[in-house]
Amino acid sequence: MSTPAAEIQQVQTIRLSDVCKSYGDYAVLKNIEAEVARGEVVVICGPSGSGKSTLIRTINRLEEINSGSITLDGQNIHAAMRTRELNLLRSRIGFVFQNFNLFPHLSVVENVSMSPIRVKGVAADVAHDKALKLLDRVGLADKARAYPGQLSGGQQQRVAIARALAMEPPVMLFDEPTSALDPEMVGEVLAVMKSLASEGMTMICVTHEMGFARDVADRIWFIDAGQILETAPPEEFFKSPRHPRAQRFLADLRH
Amino acid sequence: MIHDIIAIIQDYWLLLLIGQYPNGPLGGLANTLILSALSIALAFPVSIMLALARLSKWRLLRWPVTALVYITRGVPLLMLILWSYFLVPLWTGADVPSFVTMLTTLVVYQGAFLSEVVRAGIVALGSGQMDAARALGHSSLGAMRFIILPQALYNMIPSIISTFVSTIKDTTLGYVINVPDLTFAASQVNNQLLTQPFQVFFILAVVYYAICWSLTHVANIVERRITRRRAGLSGGAAPVELVPAKIISEQL
Ligand SMILES: Nc1ncnc2c1ncn2[C@@H]1O[C@H](COP(=O)(O)OP(=O)(O)OP(=O)(O)O)[C@@H](O)[C@H]1O
Ligand SMILES: [Mg+2]
């Protein structure tokens, strides 16, 4: 018997059980079993087309699944529920996209403050102040009044991270956040992600940045053809991958 | 020639401006402007609702609206006007004023055309914006209202304005069901003068051109202002090149 406190500790996780998804006949995710503990940083890697984006998008139900379940703090994300409830649940899972997807018709500070105002009903001035603090945190306080079109890719992605953080999500998902960036801008985005990780944010990141994975990840999930073939701490994964396909993947990366 | 035109305007300006009013119904240019303004003001929200219905995930909403839009777009406007003019009183027994018949028909017809423009604008945005909105917890209606439509409508300003211009020009068809508008007044003038059709209808053409041109001009100014604001006015000169809005004023 565990104490109530320990029980809460235990349920503060993301759990994927027997998750299957297919597009028509084509199975993209096959019987995915995985768990993320609170405060853990997981890096998902694998070859192109292996289902990384699909997997991470199912976690906030941007994609539906065919069977299985995904829970956040014990709550099934893919259960039948009212759309209001789903929207609330989604707002607790931050998502950062490869292509930033900032709202180009809104200024930077509006991008960050609009969702707390519209979704959570936060007062406009409170949301505005909070947005400025978050922008300061990602190093963009001076760009608050700019529009996304005036920013570099790295700056846009940092705004996108601030926008997600504005909803105060306990979990953040990243889908190749640096893949669309020029090489010289990758570092500034990774630095923000590193500082988030060090503050104890629960994070799942799809990324090809193996340096980041080595430094920041608690565990690596290696995924190929819709299956998680290996999960291991980074030292282990990079030094002695067990699965032959993981070995080949790493060899190709070093190439 | 110029003298004739000036003489016509001097003799008939009041008829051309307000029709038989106050001895009869309001007509002339005033009525044309009212009919145009009401048609546009009603067709625009109708078109947004039609577009949203066509993009809806509910078939019961999507299919009938899609059918309505297809049929409306595939039938000449004149046909629709005559149908509503003759059939609606027959079916309902109500005596519908021709102005109302014309307004309703124009709203449905232009609403259908405009809904295709709006829908194209929404689809052209791609799924990324909707994904981002949903990931932040916005409802689909909230996302539409605050994120998707402001962008889609802005991107479609040129096409939307060209539909507005068509709407204004299409009010002239009210003539066939005796809507007392500017065209109607002009033909009354022509019937009285008998010998100067070119001069009379030249005046008519100039007035319609002026109305449509003003609308296009105002729309261009509005569009440029939004573009400049988004490009960041702080730098003084707009850094982004301003693409002049091309207005194609034929029917789609
Ligand atoms: N909407 C869709 N319809 C059909 N097939 C799809 C769809 N979306 C993705 N797929 C397929 O599912 C597979 C997994 O796609 P996914 O985007 O998850 O891969 P990924 O691992 O993220 O690849 P990448 O590294 O290129 O981003 C791919 O083979 C892709 O072609
Ligand atoms: Mg991907």
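A, B, ... follow the sequence lines: proteins, then strands. Residue 1 opens every chain. It should be emphasised that the depicted structure is a prediction, and the values quoted were computed from it without experimental measurement.
- Of the atoms belonging to B:Y154, not a single heavy atom falls under 4.5 Å from chain A.
- Using a 4.5 Å heavy-atom cutoff, the side chains of A:R84 and B:S139 are not in contact.
- No part of A:T83 comes within reach of chain B, as not one of its non-hydrogen atoms sits under 4.5 angstrom from that chain.
- By number of non-hydrogen pairs under 4.5 angstrom with chain B, the leading residue of A:F100, A:F97, A:F95 is A:F97.
- Contact count against chain B (heavy-atom pairs under 4.5 Å) is highest for A:S91 among A:P116, A:S91, A:P148.
- With respect to chain B, the highest number of heavy-atom pairs below 4.5 Å among A:R118, A:R57, A:M167 belongs to A:R118.
- Atom CG of B:L149 sits about 9.5 Å away from atom NE2 of A:H105, to the nearest 0.5 Å.
- With a 4.5 angstrom heavy-atom cutoff, A:L86 does not touch chain B via any of its atoms.
- With a 4.5 Å cut-off on side-chain heavy atoms, A:F103 and B:L136 count as touching.
- Residue A:N99: no heavy atom, backbone or side chain, is found under 4.5 Å from chain B.
- Between the CZ atom of A:R61 and the CZ atom of B:R134 there is a distance of 9.5 Å, given to the nearest 0.5 Å.
- For A:P104, the parts lying near chain B are the backbone and the side chain together; criterion is any non-hydrogen pair under 4.5 Å.
- If you tally non-hydrogen atom pairs under 4.5 Å between each of A:L102, A:L88, A:I93, A:L106 and chain B, the highest count goes to A:L102.
- For A:N60 (side chain) and B:A135 (main-chain N/O), no donor-acceptor pair under 3.5 Å exists by modelled atom type.
- Within a 6.0 Å sphere centred on CG of B:L87, heavy atoms belonging to other residues, nucleotides or ligands number more than 12.
- Both the backbone and the side chain of A:L62 come within less than 4.5 Å of a heavy atom in chain B.
- The minimum heavy-atom distance between B:A132 and A:R163, with the atom names listed, is CB-NH2, 3.6 Å.
- Residue B:R62 qualifies as enclosed at atom CZ: its count of foreign heavy atoms under 6.0 Å is above 12.
- Nearest heavy-atom pair, B:H138 versus A:N87, reported as atom, atom and distance to 0.1 Å: O-OD1, 3.7 Å.
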